[in-house]
Q: 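This structure is in structure tokens; I'll ask about it shortly.
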Amino acid sequence: MTASALRFRAAPAGWVKGLLYRGDRVFIRESYVGSPWVKVVVVGKSRSGIAHETRGWVHRSYLKR
């Protein structure tokens, strides 16, 4: 993640479920060509308390491998 905190959303541009912080791990579930949104699953519990295997959306520009 390239930002210090990232909004973890229920849907692309939807309501914010919580925050992901640098070092939190996610698994990419869905990614569409031309879309800036990526569906992810939280791996382990996030530092902000988002539970393991919670699904949500993040903006592609803030992810890094």
Side-chain angles (χ1 to χ4, degrees):
M1 184 167 42
T2 61
S4 59
L6 176 62
R7 291 181 187 102
F8 182 70
R9 297 180 179 275
W15 60 275
V16 177
K17 292 174 119 178
L19 294 174
L20 295 174
Y21 291 100
R22 187 173 285 142
D24 288 341
R25 297 187 58 201
V26 296
F27 175 78
I28 296 174
R29 294 287 302 176
E30 296 176 28
S31 177
Y32 301 101
V33 174
S35 173
W37 295 99
V38 178
K39 188 171 189 178
V40 299
V41 177
V42 175
V43 177
K45 186 176 179 181
S46 76
R47 289 182 15 199
S48 67
I50 299 170
H52 174 65
E53 295 187 354
T54 300
R55 295 175 187 216
W57 296 81
V58 296
H59 199 275
R60 177 188 310 272
S61 64
Y62 294 102
L63 296 179
K64 71 176 187 175
R65 292 183 182 247

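None of the values given here were measured: they were computed from a predicted structure.
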Q: Can you find a heavy atom in the side chain of V26 that is under 4.5 Å from one in the side chain of L20?
A: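 Touching, per the 4.5 Å side-chain cut-off.
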Q: Using the rule that two of Ile, Leu, Val, Met, Phe, Trp, Tyr join whenever any of their side-chain heavy atoms come within less than 4.5 Å, decide whether V40 and I50 are in one cluster.
A: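 Yes, one cluster joins them.
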Q: Can you name the nearest heavy-atom pair linking Y21 to S4, along with the distance?
A: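 So the minimum-distance heavy-atom pair works out to CD2-O, 3.4 Å.
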Q: Determine the minimum heavy-atom distance between R29 and V41, stating which atoms define it.
A: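 Between these two residues, the closest heavy atoms are CG-CG2, 3.0 Å.
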Q: Cluster question for you: counting only ILVMFWY and a side-chain heavy-atom cut-off of under 4.5 Å, with indirect links fine, are L63 and W57 together?
A: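 No, L63 and W57 fall in different hydrophobic clusters.
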Q: Are V43 and V38 connected in a single hydrophobic cluster, I mean Ile/Leu/Val/Met/Phe/Trp/Tyr linked by side-chain heavy atoms less than 4.5 Å apart?
A: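 Not linked; separate clusters.
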Q: Could you give the distance from OH (Y32) to CZ (R60), rounded to the nearest 0.5 Å?
A: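 The OH atom of Y32 sits 11.0 Å away from the CZ atom of R60.
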Q: Counting C-beta onward and ignoring hydrogens, is there a side-chain heavy-atom pair between D24 and F8 closer than 4.5 Å?
A: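 The answer is no; the side chains never approach within 4.5 Å.
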Q: Do the side chains of I28 and L6 join up, straight or via other hydrophobic residues, at under 4.5 Å, putting them in one cluster?
A: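 They do share one cluster, since a chain of ILVMFWY contacts under 4.5 Å joins I28 to L6.
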Q: Taking only residues two or more places apart in sequence or in another chain, which ones pass ring pair (Phe, Tyr, Trp, His ring centres under 6.0 Å) with W37?
A: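 If we apply the ring pair (Phe, Tyr, Trp, His ring centres under 6.0 Å) test to W37, skipping adjacent residues, the hits are H59.
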Q: Only distances under 3.5 Å count here; give the side-chain donor-acceptor pairs of residues 9-19 to other protein atoms, sequence neighbours excluded, each with its distance to 0.1 Å.
A:
unit_1, atom_1, unit_2, atom_2, d
R9, NH1, G14, O, 2.6
K17, NZ, R55, O, 2.5

